[in-house]
Amino acid sequence: MASQLLFVPHLALIPKASPFHPSLFSTINPSFFHSTSAKRALKSSSDSRIINLKAVADTFSEIESNSANETTALTLREICQGFVPEHILHRIEEIGFVLPTEIQKEALPTLFTGRDCILHAQTGSGKTLTYLLHIFSLINPQRSSVQAVIVVPTRELGMQVTKVARMLAAKSDFDVKGCTVMALLDGGTLRRHKSWLKAEPPAILVATVASLCHMLEKHIFRLDSVRVLVLDEVDFLFYSSKQVGSVRKLLTSFSSCDKRQTVFASASIPQHKHFVHDCIQQKWTKRDVVHVHVSAIMPMPLCLLHRFVMCQKTNKHQMLLALLESDAPESAIIFVGEQSEKSKKVGNDPSTTLLMEFLKTSYNGSLEILLLEGDMNFNSRAASLTEIRQGGGFLLVSTDIAARGIDLPETTHIFNFDLPQTATDYLHRAGRAGRIPFSDKKCIVANLIMSEERFVLQRYENELMFSCEELIL
Ligand SMILES: Nc1ncnc2c1ncn2[C@@H]1O[C@H](COP(=O)(O)OP(=O)(O)OP(=O)(O)O)[C@@H](O)[C@H]1O
């Protein structure tokens, strides 16, 4: 570590509370500091005692891309060869996944050794493909049993993961037995799934916790045959009061299975050292669990530009309209806060309804206006997402239900019509944009805030190490 800091002596002058204190650099791979571009970039700022946040971010962005060019890049095929079946490798290349993202490069070799893993990397960094490729390396399609279970917090994320798994497993020209994937999600018809699980168990099960636990309690299937259990958005599952009890029970049951491997994934794992410690203590993971932490000092993707506009409660709708007109997004998600119980009780309309009505009468742009919120029935929720995925630009008004895991790569703008409740929520909402790996395209996160909320946003900026620029309309 000392040799790494030789290149950045000025960093020692930064106050300890700063997000750029040298201690934070301990997570960077040492080879990174020895690259020519890193030396050049860090040297050029060595006179300055005041590190501008944006300048450091830009420097890192440049260093990251330069150092990527300097090292000989292994392809995904080269990393997976000998582990993942040929027809899957062929399929990923057909889809266009040739180079690995950072988390794929770092985590796949560890996953292939059979060790438990925590995949901790930015939103949109390709964690789904990471754990799916590993699952395909383990599955024996000849065996009639559930061999991998992926637990997700919402039906929408479950549908998306199922779709990706099926797309990879789809038979190509190769003469191979397909690998079946079942979605066991809240709101589905469990009776049909019960018979299917018993008669012809799928190799991969993508499930929400409640539905999965129901099947386990009714002895419709057992965990014994499961080789790998993935918990996607693991911090959300643990923080959700409705789901945490079942999640703990599931992990405890799985801990007694032979030949088990447990994988956790998320872009945010608050207090991750405690989390890892707890997992080992509770035997939810083995002692040699690996925490693969990519972009540890920059949790927010650098392709996102953050802005805020000051407004009054009474002119928020007009301000949003002005932003939509000036920015002309290709596709956008507008996040609105959940309606409080108190507001429901007195019979107020939810903010989502009011905003939808406003946009339908006032917005003259070409984007299709759609709604996604928890109170809608499952069919309407699915219909909204299907419509979005059929192509064409969209303006999706949503609560935090769309904040986790949903992958709509065409999203160029995020509007926080209401500020999220926590910095973690901000990270996941913002991360619905900028989801095309290896792309140079910048996306916008715009916050509509009242003056008294400025300090809240400032707190998120400090915690997540990004900077937000004021926009005067
Ligand atoms: N190697 C790759 N090359 C190109 N694109 C990729 C690659 N791996 C994944 N992607 C694409 O990147 C996008 C984001 O991937 P994914 O949904 O897995 O992100 P994530 O890390 O799970 O994000 P989040 O934390 O927000 O859930 C997807 O559209 C996926 O198809």
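Counting convention: from 1, in listed order, for ligands and their atoms alike. No hydrogens, no waters, no symmetry mates; every other heavy atom, side chains included, goes into these values.
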Any heavy atom of R404 under 4.0 Å from ligand 1? The part involved is neither
Indicate whether any N or O donor in one side chain lies under 3.5 Å from an N or O acceptor in the other, for T262 and W284. no
Taking only non-hydrogen atoms of L129 and a 4.0 Å limit, the atoms of ligand 1 in range are 8 (N)
message = Any side-chain to backbone donor/acceptor pair from K316 onto I449? Under 3.5 Å, distance only.
response = no
So for ligand 1, is R435 a polar contact partner (N or O within less than 3.5 Å, distance only)?
yes
Original post:
Is a salt bridge present between R454 and E470, judged by a nitrogen-to-oxygen distance below 4.0 Å?
Top reply: no
Short version for T130: what comes under 4.0 Å of ligand 1, heavy atoms counted, is neither
Is it the case that the side chain of T411 and the backbone of H413 share a donor-acceptor pair, with hydrogens and angles ignored and the cut-off at 3.5 Å? no
Residue pairs meeting salt bridge (Lys or Arg N to Asp or Glu O under 4.0 Å), one or both in residues 298-308, sequence neighbours left out, come to R307-D327
Checklist entry - Any N/O of T123 closer than 3.5 Å to an N/O of ligand 1? => result no
Q) How far apart are the C-alpha atoms of R77 and E86, what are their side-chain angles, what is the distance that settles it, and do they pass the salt bridge (charged side-chain N to carboxylate O under 4.0 Å, His left out) test? A) CA-CA 9 Å; R77 169 177 283 278; E86 176 55 35; 3.0 Å; yes
Counting from 1 in the order shown, the ligand 1 atoms closer than 4.0 Å to a non-hydrogen atom of E233 are 27 (O)
Next item on the list: Quick one: sort the H134 and F112 rings into parallel, tilted or perpendicular, breaks at 30° and 60°.
Entry: tilted
Note: ligand 1 atoms sitting under 4.0 Å from heavy atoms of G126 are 9 (C), 15 (O), 16 (P), 18 (O), 19 (O), 20 (P), 21 (O)
> At the 4.0 Å heavy-atom cut-off, does H428 count as touching ligand 1?
Replying inline: no
Residue pairs passing the salt bridge (Lys or Arg N to Asp or Glu O under 4.0 Å) test with at least one member in residues 373-386, sequence neighbours excluded, are E156-R381
Note: ligand 1 atoms sitting under 4.0 Å from heavy atoms of P437 are 5 (N), 6 (C), 10 (N), 11 (C), 12 (O)
Going by the 4.0 angstrom heavy-atom rule, the piece of S125 near ligand 1 is both
shortest atom 1 (N) of ligand 1-to-protein heavy-atom contact is with L99 O, 2.8 Å
Under 4.0 Å from one or more heavy atoms of F438, ligand 1 contributes atoms 3 (N)
In ligand 1, the atoms that come under 4.0 Å of a heavy atom of T128 are 16 (P), 17 (O), 18 (O), 22 (O)
In ligand 1, the atoms that come under 4.0 Å of a heavy atom of G405 are 27 (O)
R432 heavy atoms within 4.0 Å reach ligand 1 at atoms 26 (O)
Short version for Q104: what comes under 4.0 Å of ligand 1, heavy atoms counted, is side chain
Pairs of nitrogen or oxygen atoms closer than 3.5 Å, one from F97 and one from ligand 1: do any exist?
no
*Geometric class of the F466/Y426 ring pair [parallel <30°, tilted 30-60°, perpendicular >60°]*: parallel
Residue, atom and distance of the protein heavy atom nearest atom 25 (O) of ligand 1 read K127 NZ, 2.8 Å
Do the side-chain N and O atoms of Q243 and S246 include a donor-acceptor pair separated by under 3.5 angstrom? no
protein heavy-atom neighbour closest to atom 29 (O) of ligand 1 works out as D407 OD2, 2.6 Å
- Item | Side-chain donor or acceptor of Q104 paired with backbone N/O of T101 under 3.5 Å | yes
Within-cut-off N or O pair, G124 and ligand 1, under 3.5 Å
yes
Would F238 and F275 count as a close aromatic pair, with their ring centres under 6.0 Å?
-> yes
